[in-house]
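Below is one structure, written out as structure tokens, with a few remarks after it.
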Amino acid sequence: MGVDPQLMDWISDYLTGRPHIRDDREEEYRKLVGETSLHGATLTTYSSTPLRRQGGGAGYRLWEVQTKTTRPVLLLEGAEVEAVDSYRYLGLWIDNKLDWTTHTSHLYGKTQSRMYFLRRLRSFNICSKLLQMFYQSVVASVLFYTVVCWGGSISKKDTSRLDKLIRRAGSVVGTKLDSLVTVAESRTLDKLLDIMDNASHPLHTVISNQRSLFSERLLLPKCRTNRLKNSFVHHAITLYNSSQGGRRT
């Protein structure tokens, strides 16, 4: 059969002394599976071709053994922290991949629901100035919330989805609105300047140490991954150097 002898020995040792379950006794099988635990492996019934053995009028099955991957235990001050795929913190959805897809998906849905009220206001012949005020206070405040954290790291697909909402809002308001990238870059640069002017900020020393000795530019920190390259510090320094020292005229 071309099966590894060690695997055959393991299966033989595992099945020795274990009760066989008839096909018509599913409850007994489920109970056995629920109580079975061997070296982090679990018995599953989604084997594409289960092996059968006929004997004495009863059918027996050899079920596939599937390795169950477990997450490492994370301890914080002696207490175990539950590992989750995504977590909402201060209105910001953080996922285990740090690609911001979960956050932008929630953001898209919340922004769409507020777009309804914007369209309703236009149906009452509200002037464009008031519509723009409503957009900035109700729609944009949600859309660009914490954009400094995720604006430079989201995928092009997510950026395109959110920009479509902004263009749709612009058609309702009757004016061209700033794109997601424009707002994110502007707020990121403003935040960097605030950090540089605030000596008590935790990142003030980090940013100050990146100053060049020969110019007003900031030196980019070394990075090997795109995740670090798209992080706030690296992204903000790049914007600072490309905008004449960050002091826009």
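All values below come from the heavy atoms of this structure, side chains included, with hydrogens, waters and symmetry mates left out.
Proximity of a side-chain donor or acceptor of S160 to a complementary backbone N or O of K157 within less than 3.5 Å is not detected. A donor-acceptor contact shorter than 3.5 Å is absent between the side chain of N198 and the backbone of D194. A donor-acceptor contact shorter than 3.5 Å is absent between the side chain of R114 and the backbone of Y135. Although no hydrogens or angles enter the test, the distance criterion places a donor-acceptor pair under 3.5 Å between the side chain of S242 and the main chain of L239. In this structure, the side chain of H204 engages the main chain of I195 through a donor-acceptor pair within 3.5 Å. A donor-acceptor pair under 3.5 Å links the side-chain atoms of S231 to the main chain of L228, judged by distance alone. No donor-acceptor distance shorter than 3.5 angstrom exists from the side chain of N226 to the backbone of N230, with no hydrogens or angles considered. Checked by atom type and distance alone, the side chain of E80 never pairs as donor or acceptor with a backbone atom of L75 at under 3.5 Å. T188 places no side-chain N or O within donor-acceptor distance of the main-chain N or O of E185, the cut-off being under 3.5 Å.
Residue K97 holds its NZ atom at 11.5 Å from OG of S86, rounded to the nearest 0.5 Å. Rounding to the nearest 0.5 Å gives a distance of 3.5 Å between CE of M196 and CZ of R211.
Annotation: side chain of K191 is in contact with side chain of F232 (closest heavy-atom distance under 4.5 Å). For the pair V84 and Y87, the minimum side-chain heavy-atom distance is below 4.5 Å.
Here the shortest heavy-atom pairing between I126 and L121 reads CG1-O, 3.1 Å.
T102 and S105 form no side-chain donor-acceptor contact under 3.5 Å, judged by distance and modelled atom types alone. Judged purely by distance below 3.5 Å, without hydrogens or angles, the side chains of D158 and S155 pair a donor atom with an acceptor atom.
A perpendicular orientation is assigned to the rings of H103 and W100, their planes being inclined by more than 60° (bins at 30° and 60°).
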